[in-house]
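Contents: one structure, followed by commentary.
Please read all numbers here as calculations on a predicted model, not as lab measurements.
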Amino acid sequence: MPAIDATLRPAFAPTGRLRASINLGNPILAHRDAQGQPAGVSVDLARALARALGVAAELVVFEKAAQSVEAVRGEQADIGFFAVDPARSQGLRFTAPYVLIEGSYLVPAGSALADNAEVDRAGTRVAVGQGSAYDLFLTRELKAAHIERVADAEAVRAALKAGQVEVAAGIRQLLEGWAQGDAALRMLPGRFMVIQQAMGLPDSRGAEAAAALAAFVEEAKRSGFVAEALARHRVQGASVAPAASA
């Protein structure tokens, strides 16, 4: 990746290191490897950005998206990797998306629900990870169904298996894995949303830093860096986002 103007280092890395907020709650983009170290597409991008700036990368790891967002908003981290959502825009500047991920529904195998449009009915309870992209989106979109907010993805599955909810919402790839390993669960066809995963930094870092980060993301897509990272980490259910419109 091309070098970034050294005059922008203080804006990106005021401590002398690029502190990157990594969300392990989205296994498509970040996870722990066999040695317990953070790995994944977002980790690769964070390290590539640090190299472009000529500084070391420091990974600040969180288990939930909401925690990762707040770390950047509160400037405990310099950059982060987020699903773009209006509810997260305050205090942050987002790039265009670098990856698109489908959000889908999972139901018990015997459920009467047959498609996504049937979910939004009175009496239907939908489990989501609190503060996740699905929580933010469905909070706006669902009018009749009730949203049950739980701690994380595993708690979403547990709520569905225990009969505490009728529907689980989450990353399509993750839900498909659960369904393939458990005959008592099945996917509803299609998707209810497309999640736009972008990079972001605190609004206080200024327009020049935001523009440089946006250009970095566009180059990462154009050069094949993002596609190669998805392939290297064997990610399915996600695609490289198209180039940002001029």
Side-chain angles (χ1 to χ4, degrees), residues 4 8 10-14 18-26 28-30 40-43 45-46 49 53 59-103 126 128-143 147 149-153 169-172 191-221 226 238-246:
I4 293 175
L8 291 176
F12 276 104
L18 181 70
R19 299 170 299 171
S21 182
I22 303 297
N23 169 32
L24 297 181
N26 185 341
I28 285 184
L29 298 180
V41 178
S42 57
V43 174
L45 282 167
L49 178 60
L53 287 164
L59 304 180
V60 187
V61 180
F62 298 94
E63 300 295 332
K64 299 179 183 179
Q67 295 171 331
S68 182
V69 171
E70 287 306 315
V72 179
R73 183 176 285 134
E75 303 204 40
Q76 284 85 45
D78 305 308
I79 60 160
F81 301 83
F82 317 121
V84 177
D85 189 278
R88 290 176 173 168
S89 61
Q90 185 175 2
L92 298 174
R93 293 177 186 244
F94 291 100
T95 68
Y98 60 91
V99 160
L100 304 178
I101 301 172
E102 294 183 345
V126 182
V128 298
Q130 187 167 16
S132 67
Y134 323 104
D135 180 5
L136 300 176
F137 178 84
L138 293 175
T139 295
R140 291 192 299 271
E141 296 298 318
L142 294 183
K143 307 305 180 186
I147 298 174
R149 296 174 178 86
V150 297
D152 52 28
I171 298 169
R172 181 176 184 84
R191 66 197 186 198
F192 66 83
M193 72 178 296
V194 175
I195 303 155
Q196 299 183 346
Q197 290 286 339
M199 292 182 71
L201 76 171
D203 186 63
S204 62
R205 303 303 172 86
E208 285 189 76
L213 186 61
F216 169 83
V217 166
E218 293 309 305
E219 177 60 20
K221 293 185 292 186
V226 176
S239 60
V240 180
S245 57

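- Under the 3.5 Å distance criterion, the side-chain polar atoms of S42 are matched with a main-chain donor or acceptor of L29.
- Rounding to the nearest 0.5 angstrom, the gap separating the CD atom in E75 from the CG atom in L201 is 9.0 Å.
- Between A96 and K221, the shortest heavy-atom contact is CB-NZ, 4.4 Å.
- In this structure, OG1 on T95 lies 7.0 Å from CE on M199, to the nearest 0.5 angstrom.
- Using a 4.5 Å heavy-atom cutoff, the side chains of F137 and I195 are not in contact.
- Taking CD1 from I4 and CG from L53, the interatomic distance works out to 4.5 Å, rounded to the nearest 0.5 Å.
- Test N26, I28, L100 against Q197 for side chain to side chain contact (heavy atoms under 4.5 Å, CB included) and you get one pass: N26.
- In this structure, E208 places its CD atom where only 12 or fewer heavy-atom neighbours from other residues, nucleotides or ligands lie under 6.0 Å away.
- Atom-to-atom distance recorded for Q130:CD and D152:CG is 11.0 Å, nearest 0.5 angstrom.
- Atom CZ of R191 is separated from atom CD1 of I101 by 12.5 Å, given to the nearest 0.5 angstrom.
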Go through it in stages, so that I can follow the logic: the residues are F81 and V41, the test is side chain to side chain contact (heavy atoms under 4.5 Å, CB included), and I'd like the CA-CA distance, side-chain angles, deciding distance and then a yes or no. CA-CA 10 Å; F81 301 83; V41 178; over 6 Å; no
Apply side chain to side chain contact (heavy atoms under 4.5 Å, CB included) to the pair I171 and Y134, showing each step before the final yes or no. CA-CA 9 Å; I171 298 169; Y134 323 104; 2.4 Å; yes
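- Between A151 and K64, the closest heavy-atom pair is O-CE, 3.1 Å.
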Please assess R88 against L136 for the test side chain to side chain contact (heavy atoms under 4.5 Å, CB included), listing each intermediate value before the final yes or no. CA-CA 9 Å; R88 290 176 173 168; L136 300 176; 3.4 Å; yes
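- Between D135 atom CG and R140 atom CZ the span is 10.0 Å, to the nearest 0.5 Å.
- Here the shortest heavy-atom pairing between F12 and A209 reads CZ-O, 3.2 Å.
- In summary, the side chains of R149 and T139 do present a donor paired with an acceptor at a separation below 3.5 Å, with no hydrogens or angles considered.
- Scanning both residues, G131 and A65, for their nearest heavy atoms gives O-CB, 4.4 Å.
- Side-chain atoms of L49 and L213, non-hydrogen and from C-beta on, do get closer than 4.5 Å to each other.
- Of all heavy-atom pairs between F94 and S89, the closest is CE1-CA, 3.9 Å.
- Looking at S68 and I22, their side chains never come closer than 4.5 Å, going by heavy atoms from C-beta outward.
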Walk me through whether L138 and M193 qualify under side chain to side chain contact (heavy atoms under 4.5 Å, CB included). CA-CA 9 Å; L138 293 175; M193 72 178 296; 5.9 Å; no
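- Panel note: side chain D203, backbone R93; no donor-acceptor pair is recorded below 3.5 Å.
- The two residues A241 and P97 have their closest heavy-atom pair at CB-O, 3.3 Å.
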